[in-house]
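Contents: one structure, followed by commentary.
Per chain, numbering begins at 1; letters A, B, ... match sequence-line order.
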Amino acid sequence: MIDLRNKRILVTGASSGIGREVSILASNLGAELVMIARNTQRLQETYDRLKKNNHELISCDVTDYLKVNDYIKTSVNQSGPFSGFVHCAGIDKTLPLKASTNKTFKEVFETNVFSAFEISRIICQKGNYNPFHTSIVFISSVLGLKGQIGRIVYSSSKSALLAGSKALALEYATKGIRSNCVLPGVVKTEMISKLFNNITEEAKNSIIYKHPLGIGSPSDVASLVCYLLSDKARWITGADYVIDGGYNAK
Amino acid sequence: MNKNEFLNEIAIYCEFEDSSMTLETILKTIDGYDSLSVMSMIAFIDENFGLKFSAKQFQNLTDFNSLIDLIGKEKFDND
């Protein structure tokens, strides 16, 4: 049984999709959540589905680093250090290379990558993390391993998380901080619904066909994330976990 | 830009090499017209007209004139 009692966990992108499911499952497993997202109303909807505990909501953009830093410091001072950080915030872009400008890369990397490591930097400061067992989990993607037409910006951002996570794992192993990546295939989230609404039926079916076990659900991913957050995963760091219904097996 | 300039510029952007293309050319008959060129056309229209279309909206298009209708004829200069 996975037990997250007495763990304070910071989750970005908690207002929808994987971030929401991670928050709900972690709360059911006893964790105390600090959730960050831009959309206050949707964040509140996640909060309403949590098992009651001393949870906190932070309505702000993950790239507003000064605010995020202040919120984390205040939260640590009031309620204690963090035992976990899950970076689920992410934005998607489907663009061919010729339209993938420096501006597009910066926009996507800011949310998907830079904020992941900036928040990790804040969490990894002495006093902000639990020195006995802290776990950081980055939500990457199978597209961090495999290419797909029109996904150069998104794929490279998700791939950047893989290498960064390994470096972080090595740098902080002696301090009791583990760092791992989860690489989901296509799961039923708002982001994917938006993608499916924009592509042809043929392209949609081709994506579904690439997943032998079908499209996943955010709760499939949340289970793996909560395992990595738990002490059961105490010997796991610098690892990448593909969870994709068989997408990567082809 | 007028309609013919639009045709020339989108052809260059998407690397369509058929020099005989006209506004009546059926999109699906263009050599090299595929899902990537649809993505490129969407990006071109976004950059030049500030309009965001989906690949789904391209499914029912026939020729460049139908694409111009989708964008809105009023957005083009007179020839």
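Under a cut-off of 6.0 angstrom, the local environment of CZ in A:Arg42 is crowded, with over 12 non-hydrogen atoms contributed by other residues, nucleotides or ligands. Heavy-atom contacts from other residues, nucleotides or ligands closer than 6.0 Å to NZ of A:Lys103 number 12 or fewer. Within 6.0 Å of the CD atom in B:Glu17, the count of heavy atoms belonging to other residues, nucleotides or ligands does not exceed 12. The neighbour count for A:Asp48 CG, taken as heavy atoms of other residues, nucleotides or ligands under 6.0 Å away, is above 12.
Counting heavy atoms from C-beta on, the side chains of B:Met39 and A:Leu95 never come closer than 4.5 Å. The shortest side-chain heavy-atom distance between A:Glu202 and B:Gln59 does not fall under the 4.5 Å cut-off.
Contacts between B:Gln57 and chain A at a heavy-atom distance below 4.5 Å are absent for every atom of the residue. Neither the backbone nor the side chain of B:Phe44 comes within contact range of chain A; no heavy atom of the residue lies under 4.5 Å from a heavy atom of that chain.
At least one donor-acceptor pair under 3.5 Å links the side chain of A:Lys98 to the backbone N or O of B:Tyr13.
Summarising the geometry, atom CG belonging to B:Asp34 is positioned 7.0 Å from atom CD1 belonging to A:Ile149; distances are rounded to the nearest 0.5 Å. Atoms NZ and CG, on B:Lys56 and A:Asn197 in that order, are 5.0 Å from each other to the nearest 0.5 Å.
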